Amino acid sequence: MELLKGLPLHRTFLAVILNLLALSLSTTALLGSYWCTGTQKVPKPLCGKTKATQCIGVPMPSDADSSNVSSEDVVHYSWETGDDRFNFRYFHTGMWLSCEENMEGPEEKCRSFIELSPPAERGILWLSLGSEMLYISLLLISFILLMVEMLHTGNPVCGLKLNA
């Protein structure tokens with residue numbers, strides 16, 4: 001009989017712990033920018049006067065050969081194949097930000113989700129954001145009600161009313 005008296009309190013305590021875990025994980029997921037991490041394959045830029053490394057060298061005609069022809073009219077062939085033509089940039093993304101490695105410097109280049117999404121798809125993005133906020137607020141209300149139930153142990157009927 002003594003075991004049955006403590007069982008509802010243990011069940012409520014377990015529910016509070018699991019609810020707090022769900023609340024903290026969903027809040028971390030909403031605020032974090034590391035939902036997806038990895039590397040993306042992007043083509044290397046052409047080498048020029050300002051860019052000498054991490055680029056594709058394209059042979060330019062000498063000035064003597066192209067007296068009548070502009071450099072846009074000359075066809076250039078590059079025999080590079082495979083992964084030599086690409087950089088592998090590190091990126092991480094979340095709900096609010098999408099960041100990628102910047103090849104010119106040590107800092108990251110970050111953009112907000114509004115800049116990345118097409119205008120036709122922004123409604124779906126706002127809908128998912130609203131549903132995630134609603135989910136977190138319902139978890140918070142559930143946590144508060146479970147805490148009130150745990151702290152108000154005088155009358156078991158009041159706990160049943162809170163559960164209902």
Side-chain angles (χ1 to χ4, degrees), residues 1-48 50-56 80-164:
M1 284 299 191
E2 194 65 36
L3 182 66
L4 293 176
K5 284 185 179 179
L7 190 61
L9 185 61
H10 291 307
R11 186 176 37 224
T12 306
F13 183 70
L14 182 63
V16 166
I17 295 297
L18 292 176
N19 193 309
L20 186 61
L21 180 67
L23 182 64
S24 62
L25 288 176
S26 60
T27 304
T28 303
L30 180 69
L31 299 178
S33 66
Y34 284 89
W35 284 10
C36 180
T37 60
T39 56
Q40 63 183 4
K41 189 176 182 178
V42 293
K44 288 181 181 178
L46 297 176
C47 292
T50 60
K51 184 92 172 135
T53 61
Q54 296 289 326
C55 60
I56 299 174
E80 286 187 84
T81 59
D83 289 340
D84 293 341
R85 295 185 60 103
F86 297 98
N87 285 328
F88 293 93
R89 289 185 183 164
Y90 170 77
F91 75 94
H92 62 91
T93 185
M95 176 67 92
W96 305 102
L97 286 177
S98 179
C99 300
E100 65 182 16
E101 177 184 12
N102 190 357
M103 290 300 179
E104 283 83 32
E107 69 277 351
E108 294 181 323
K109 180 179 145 186
C110 295
R111 296 178 287 181
S112 75
F113 74 100
I114 294 293
E115 295 173 26
L116 292 173
S117 60
E121 303 293 324
R122 288 188 185 148
I124 301 294
L125 206 56
W126 284 112
L127 183 65
S128 66
L129 183 64
S131 65
E132 184 68 23
M133 295 260 202
L134 179 65
Y135 175 68
I136 289 174
S137 63
L138 289 174
L139 277 174
L140 185 64
I141 290 170
S142 175
F143 176 74
I144 291 169
L145 288 175
L146 283 170
M147 287 302 294
V148 167
E149 180 186 348
M150 264 185 68
L151 296 175
H152 188 50
T153 58
N155 189 356
V157 175
C158 290
L160 291 174
K161 289 179 183 177
L162 280 174
N163 279 336

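Everything numeric here is computed off the predicted structure, so don't read it as measured data.
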Exercise. So do the side chains of T28 and Y34 get within less than 4.5 Å of each other, counting heavy atoms only?
Worked result: no
Problem set entry | Residue pair V16 / F143: nearest heavy atoms and the distance that separates them |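 Minimum heavy-atom contact is CG1-CE1, 3.7 Å.
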Spatial distance of atom [atom1] ([X]) from atom [atom2] ([Y]) [nearest 0.5 Å]:
X	Y	atom1	atom2	value
N19	T12	CG	OG1	12.0 Å
S128	M133	OG	CE	10.5 Å
R122	S117	CZ	OG	4.5 Å
F113	L97	CZ	CG	9.5 Å
R111	T93	CZ	OG1	9.5 Å
L25	L21	CG	CG	4.5 Å

For this session: For L14, look at atom CG and say whether over 12 heavy atoms of other residues, nucleotides or ligands are found less than 6.0 Å away.
Result: yes
Exercise. Under 3.5 Å, is there a donor-acceptor pair between the side chain of T27 and the main chain of S24?
Worked result: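 Not at all, since once roles are kept as given, no pair shorter than 3.5 Å links the two residues.
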For this session: Would you check if the side chain of H92 reaches a backbone N or O of S33 as a donor-acceptor pair within less than 3.5 Å?
Result: yes
